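Notes for the one structure printed next.
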Amino acid sequence: MITLTIDGREAQVPPGTLILDAAKQVGIEIPIFCYHPRMDPAAACRMCLVRVEKMPKLQPACATPVSEGMVVSTDTDEVQTAHAGVLEFLLANHPLDCPICDKGGECDLQNNSIRYGPQATRFADPKRHLDKARPLGPIVELDQERCIQCTRCVRFMDEVAGDPVLTIHDRGGHAVIDTAEGRTFDSVFSGNTIEICPVGALTSRPFRFKARPWDLDEVDSVCPHCPVGCNIRLSVRHGEVKRILSRDNEEIDWGWLCDRGRFGYGFLSHGTRLEQPMLRKEGRLVPVSWDEAIAVLKERMQGGKSGALGGGRHSLEAAYLLRRFVQDAGIKNVDHRVLPLYTAIAPGPVGRIDDVNDADLVISLDAELLEEAPVLALRLRQFERKRGLRIVSVSPREGLLDMPHQEAQTPDIAATLRAIAQGEGDLGQAFLSAQKVLFIWNGQSESVFSALDAAVKARSGETATLVVGSLANSFGAQAAGLLPQDGGLDARGMLEAAAAGQFDTLLVFGHDILSEFPDAELAAQAIEKVPFLAVAGTVPSETTERADLVLPVAAWAESDGHFVNMEGRAQRYYAGSDRGVNVVDDWELMARLLGIEADYDRILAEVQAALAPLFGKERRQGAQAPTGGYRPAEGAAIAAASIYYKGVTPDPFLNSLIPGARVAVAADVAAQAGVAEGEEVEVGGYRAELHEDPGLPPGAVLVRAGQDGANRALGRAAAVRALAGRSE
Amino acid sequence: MPETRLLFKNIDVPGIDRIDVYEQHGGYQTLRKAVLDMTPEAVVSEVMASNLRGRGGAGFPTGRKWSFLPKDGRTRYLVCNADESEPGTCKDQEIIYKDPHLLIEGVATSAYAIGAEDAYIYLRGEFKVGYQILERAIAEAHEKGYLGDNVLGSGRRIDITLYLGAGAYICGEETALLESLEGKRGNPRLKPPFPATAGLYGMPTVVNNVETLSAVVPIIAMGGAEYAKLGTEKSAGTKLFSVSGTVRRPGNFELELGKVTLRELVFDLAGGPLEGREIKGIIPGGSSVPILTPDKFDTLLDYEALQAAGTMLGSGGVIVLDDRSCVVKSTLRLMEFYRHESCGKCTPCREGTVWLGQVLERIESGVGRPGDLDLLADLCVNIEGRTFCPLGDAAIGVLKSGLQLYHDEYQAHIDQGCCPLGEVVR
Amino acid sequence: MNAENLAKAQELIQRFPQKSSALIPILHLVEEEFGYIPQEEVGVVADVMGVTSAYVESVLSFYTLFHRQPTGKYLIQVCRGLSCQLMGADELSKFLYEDLGVERNGTTEDGMFTVEAVECVALCKNAPAVQINLEFYPNMTKEKLQGFLDKAREEVRSGA
Ligand SMILES: Cc1cc2nc3c(=O)[nH]c(=O)nc-3n(C[C@H](O)[C@H](O)[C@H](O)COP(=O)(O)O)c2cc1C
Ligand code: SF4
Ligand code: FES
């Protein structure tokens, strides 16, 4: 520990602490612009200058580490003059258009000016004129006149995101931030630059002029879009979510969000929500009361062959109550794995996101991190950059992390994993000798599950696994027991039974089976044949249109609850925005079905008691191999994840960012199909551009999920044959 | 007070840029002596003993700088700073263009001393012809075995790579230079770490000026102690001074430090003022240091004496202003230079040079306002000591002193709405 | 870039311990070949270096010797450093602007001459100094400049 004095107060901090942070610890705030706690200091803005005894010049507190016996002053006349001087310089050419600036009210330049600024400006010369509204990309717009050259945005893209799209052009007083000609700011992390811009230079095109920051209520929440579970804040005005900001969590997100998380809220209010319980009577869906809807569903679920599909998109509380309901009703056909997923919980110890911090080796098994768990990818990059963390990707497709990690492309993940576990090759040796190994897996295959189980047991050191590729609450759903019971049917089994006319009632909760289930043909047949289909959800979909009973539930932002992220960590979110009068909480729906009182606190207490480990601090333990789960049909395509997809949380704005439909095929398939690179093809009824990917194993076809109808190309449609058929 | 020529010993010898002529004048004997008869440590000791201080501007003791390299077995680099961009300074240029083998010998000897196999010479982009001259000279040195995989049969590899900048004064600052040498924008780096621990490509690196490295040749030839006898205790040896501006015989002069006054240099060696003029001020150390008025012209030319006189020796670029030179116009010109050369990274330098330039432009064009001189002085305070690198301090060096020393001339511009010197003639 | 320069670029990439160092020398090759850095070449350089065009632009925009617009056959750079200004640099540039009918950084319509006023070029002892296509011309006068212009025009006229 190092002892130093700041403004007469004694501080004790670990070596390497910056003066800025040491001051914070003793309650002294030093103003900053360019410094960001999650990035390397640039010491460029000079706002944080302080006096350090025995040093000839004022020192930047953001870049000067403490030393023993140091004496620092932050509020002498000299320092105050320096603060005012920097602000005067920054304000000289600033347009001062605060009344129409989106950052007004939460602008560091405003705030610092009020506290530390000069009384008046003496600048009386013509101001610099630059571009005021320069769209950098679909999301971010730049006002070059407001920019103070702190370069946080440039450094974020470079240091954190590893995708240096933003650069500085020219130099000196002419320096401006820009992208290159012909390249737009299309990173999936672009929104972070808006949040970390200390002034109103970078603004969000979706949020522009929507509200003034001081009119917004801030509500703590958790991102519902992937199993990372980034912590967020909802900014709410008049009951509507106006924007989403980060809520820095050291163990999870470090204050970063991906653009899906940051902008994926448009579906909440875009006017086409499910608003009213509806029952099909004489072929038409007509409004009914909740009492009638619940009574009908209860009756249909009793007796006969019925089952439930749900769990990943709604609260842990609802998942728990659904499990209680099916158990009480003696229903064995239950599953939460509607997407390509075998398990949301790996064997052995469950990984934690901050395992990345001290792991020696990270092995990614078929995971597409930038698409499936973007913010986790950022953390990996940080440690790769800072201490050369070794990251190995075992996957039949190209690795998607833009960093110098090692590739081990292979068609057979399980076999490769077994070889690694036996210490084969350099990687195998590294695996066995590493202190700590973290696996990151997309949870898709039973054979990988058992290979992973063996691999974890083969090591004496610490080993843990994170499962990506599932939904915000898939871990919670599985932990609550939404899996086939005592030989019951899994998702595919239920649909097969329904398609064969051997099923009576299917309850779908939070999924659009028709557009999401990886075997679209089977889903369509099942839904056509099943005598009674009940769908609970937030927005209309192809599936709700064909339902016999539609149950509107509140979206996460309108409700209280927990999501359990990929670490098995239950995280609370709070209701922020308003919901329709006939819309109920997801757990309330389940409570009514169960016939218990819809008292949130009481339900939560029961969940906490039953699923205590999810709320605890200890590392979660892994699962046994589940039965059923994702089984790709013979000749099926490989399902690739996509960060932007329609799903059941369509955001009109984000939908415009979904990339064009494309399938990638292995070289032999391309040759066989006889179509040219980039030509449009039809795969199982899905039209897309064809591209050859030399990294794919022979015979493989890869379809990126997300576009309309992409799932039709995935399943039984036998994409490969369909393609080859064209050349016959 | 004649010149004392160590570096310029052969500067006027015809054909000295060719290796055979250079050899005929004793060239490469120093390198031979160092590589074949001395250990690297011994060479460093001689340089230590010589009390040589860096000639690039900051005057840091060269032997000390070399001794900071960590002994951890990592690859080391020597980088020669040939960016010479400080207005008023043109001494390195003369060595490069006229006596390139002196520099090559100095670089090779120093590289041997610090244990670097690869040395880089970073030339400002405008020295394209100098680049070609050095390129040919390096090829000659290779042929003769002074450079290459086995220098003079010693088993040591020493090679020199040339690098041409592309127009940026800031790349003379050592860390900006390293960025530029790595192919990046020339922004200065945060220090620490200093180049000695993490320099070029993150490796331990020594950055020295052309004149500094050239001086290593006579130092090793005559012995460090002998060299230290020249000049004064704290300012040892000889130094090149470039005299420019309104004098009769502008030029480069090599002087023993602490033995010659500014007056002697400017009035005797450089011929004094132009016909019918009077010298009213001299900037003695490149465009970044305070001006001296005639009452200080008897200051001795060495580090301490100039510092005591309120200015600095800097790069040795001596710029002379006479009674027909407008101080406002001159300080404006310098401010335009710094504004043009600011990298833009830190606020006070980026914004301050622009603002100062605007105010000076106003005063110069006759539309200055009453409070402008206080404003200028205040803006200097807001820059001084607060910028990321020393360019900010450099930018205000002349202006700040000018405002004090020639206050009336500035004020007259504001009061009369024009330059009191009338149309400034040459 | 022409084939020869592309080959040189590859050679430059090998020359340094880190590839990144080759960027500025490669940009010099482009500037030499075209007299400026055309937009398409930014992409070519980016590909050769394995970096983004944005990065290349960011670097090249830092350095004033890289031009983004075509320059004349003769690039005349009049030093306006303080020492040269004290010795009459302004008059030299004024003369050139008037004689050639161009503004600062302008190029004559026939593409013959570009006139720039540049910062100190380290020829202070030979002020006022001018650089033409990066050759130094010390102690310049209007008369010497006029002579140069006449000779250059004559050369072009006679097809030399
Ligand atoms: C703005 C700025 C410009 C500089 N320009 C040069 C230069 O052109 N040539 C040079 O040798 N040193 C220059 N320096 C000094 C270098 O940073 C460095 O101190 C020097 O190269 C070290 O060499 P020396 O120890 O041999 O003097 C400059 C420094 C600053 C702050
Ligand atoms: S990484 Fe996942 S949880 Fe985090 S913001 Fe993005 S979508 Fe949301
Ligand atoms: S916050 Fe320290 S220099 Fe910007």
Side-chain angles (χ1 to χ4, degrees), chain A residues 33-34 40-51 55-60 62-65 78-79 81-94 109 118 121-128 147-151 154-155 158 164 167-177, chain B residues 166-171 176 184-192 336-363 367-372 374-376 378-393 395:
Chain A
F33 286 115
C34 68
D40 292 345
C45 74
R46 318 306 282 175
M47 189 62 216
C48 66
L49 292 178
V50 294
R51 170 52 64 191
M55 297 229 196
K57 295 177 181 179
L58 297 179
Q59 297 295 314
C62 72
T64 314
E78 177 196 34
V79 174
T81 315
H83 290 161
V86 169
L87 284 164
E88 190 178 23
F89 280 141
L90 288 175
L91 291 168
N93 275 292
H94 196 84
L109 186 55
T121 179
R122 296 170 291 178
F123 185 79
D125 293 279
K127 288 191 189 235
R128 193 154 45 221
C147 173
I148 59 165
Q149 300 290 329
C150 70
T151 67
V154 177
R155 288 181 287 134
D158 193 5
T167 53
I168 307 168
H169 278 228
D170 219 310
R171 69 181 192 210
H174 298 288
V176 288
I177 308 293
Chain B
Y169 164 70
I170 185 63
C171 291
K184 301 172 188 158
R185 292 168 61 86
N187 287 326
R189 294 178 180 170
L190 196 61
K191 291 194 265 196
E336 285 170 343
F337 168 77
Y338 287 107
R339 166 169 84 185
H340 184 255
E341 300 301 337
S342 166
C343 79
K345 180 173 177 145
C346 75
T347 310
C349 175
R350 180 185 67 242
E351 303 295 334
T353 52
V354 171
W355 192 351
L356 285 170
Q358 280 173 306
V359 178
L360 283 166
E361 262 163 26
R362 223 171 42 215
I363 299 175
V367 291
R369 301 184 191 136
D372 275 352
D374 290 340
L375 177 59
L376 287 175
D378 235 38
L379 295 181
C380 288
V381 171
N382 280 342
I383 295 174
E384 193 172 14
R386 300 190 189 156
T387 50
F388 184 89
C389 85
L391 190 140
D393 290 348

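Just so you know, these numbers come straight off a predicted model, no measurement behind them. So you know, we letter chains A, B, ... as the sequences are listed, proteins then strands, and number each from 1.
Summarising the geometry of B:Leu190 relative to A:Ala43, their closest heavy-atom pair is CD1-CB, 3.6 Å, with the distance given to 0.1 Å. Here the shortest heavy-atom pairing between B:Phe388 and A:Ala42 reads CE1-O, 3.3 Å. A:Cys45 approaches B:Pro348 most closely through the heavy-atom pair O-CD, 4.4 Å. When all heavy atoms of B:Arg350 and A:Ile148 are compared, the closest pair comes out as NH2-O, 3.2 Å.
Counting heavy-atom pairs closer than 4.5 Å to chain A, the top residue among B:Val354, B:Asp378, B:Thr353 is B:Asp378. If you tally non-hydrogen atom pairs under 4.5 Å between each of B:Gln358, B:Glu384, B:Lys345 and chain A, the highest count goes to B:Gln358. Annotation: maximal heavy-atom pairing with chain B below 4.5 Å, among A:Pro126, A:Pro56, A:Cys34, occurs at A:Pro126. Of the listed residues A:Ala44, A:Gly85, A:Ala84, the one with more heavy-atom pairs under 4.5 angstrom with chain B than any other is A:Ala44.
Neither the backbone nor the side chain of A:Gln59 comes within less than 4.5 Å of any heavy atom of chain B. At a 4.5 Å heavy-atom cutoff, the contact between A:Leu49 and chain B is made by side-chain atoms alone. Both the backbone and the side chain of A:Ala82 come within contact range of chain B, with heavy atoms under 4.5 Å apart. Both the backbone and the side chain of A:Ile168 come within less than 4.5 Å of a heavy atom in chain B. Proximity to chain A (any heavy atom under 4.5 Å) is restricted, for B:Asp393, to the side chain, taken from C-beta onward. Within the 4.5 angstrom heavy-atom criterion, no atom of A:Pro60 approaches chain B. Using a 4.5 Å cut-off between heavy atoms, A:Phe33 makes no contact with chain B at all.
Under the 4.0 Å criterion applied to side-chain N and carboxylate O atoms, B:Glu341 and A:Arg171 are assigned as salt-bridge partners. Ion pair B:Asp374/A:Arg122 not flagged as a salt bridge, since none of the NZ, NE, NH1 or NH2 atoms sits closer than 4.0 Å to an Asp/Glu carboxylate oxygen.
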With side chain to side chain contact (heavy atoms under 4.5 Å, CB included) as the criterion, how do B:Glu351 and A:Gln149 come out once you've worked through the C-alpha distance, each side chain's angles and the decisive distance to 0.1 Å? CA-CA 11 Å; B:Glu351 303 295 334; A:Gln149 300 290 329; 5.6 Å; no
Criterion side chain to side chain contact (heavy atoms under 4.5 Å, CB included) on A:Asp125 and B:Glu361, from CA distance to verdict: CA-CA 11 Å; A:Asp125 293 279; B:Glu361 262 163 26; over 6 Å; no
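For the pair A:Arg46 (side chain) and B:Thr347 (backbone), a donor-acceptor distance under 3.5 Å is absent. With hydrogens and angles disregarded, a donor-acceptor distance shorter than 3.5 Å links the side chain of B:Arg185 to the backbone of A:Asp170.
Rounded to the nearest 0.5 angstrom, B:Ser342 OG and A:His174 NE2 are separated by 10.0 Å.
The shortest distance between side-chain heavy atoms of A:Thr81 and B:Asn382 falls below 4.5 Å. A heavy-atom distance below 4.5 Å is found between the side chains of B:Leu379 and A:Phe89.
By the salt bridge (charged side-chain N to carboxylate O under 4.0 Å, His left out) test, A:Lys127 pairs with no residue at all, sequence neighbours left out.
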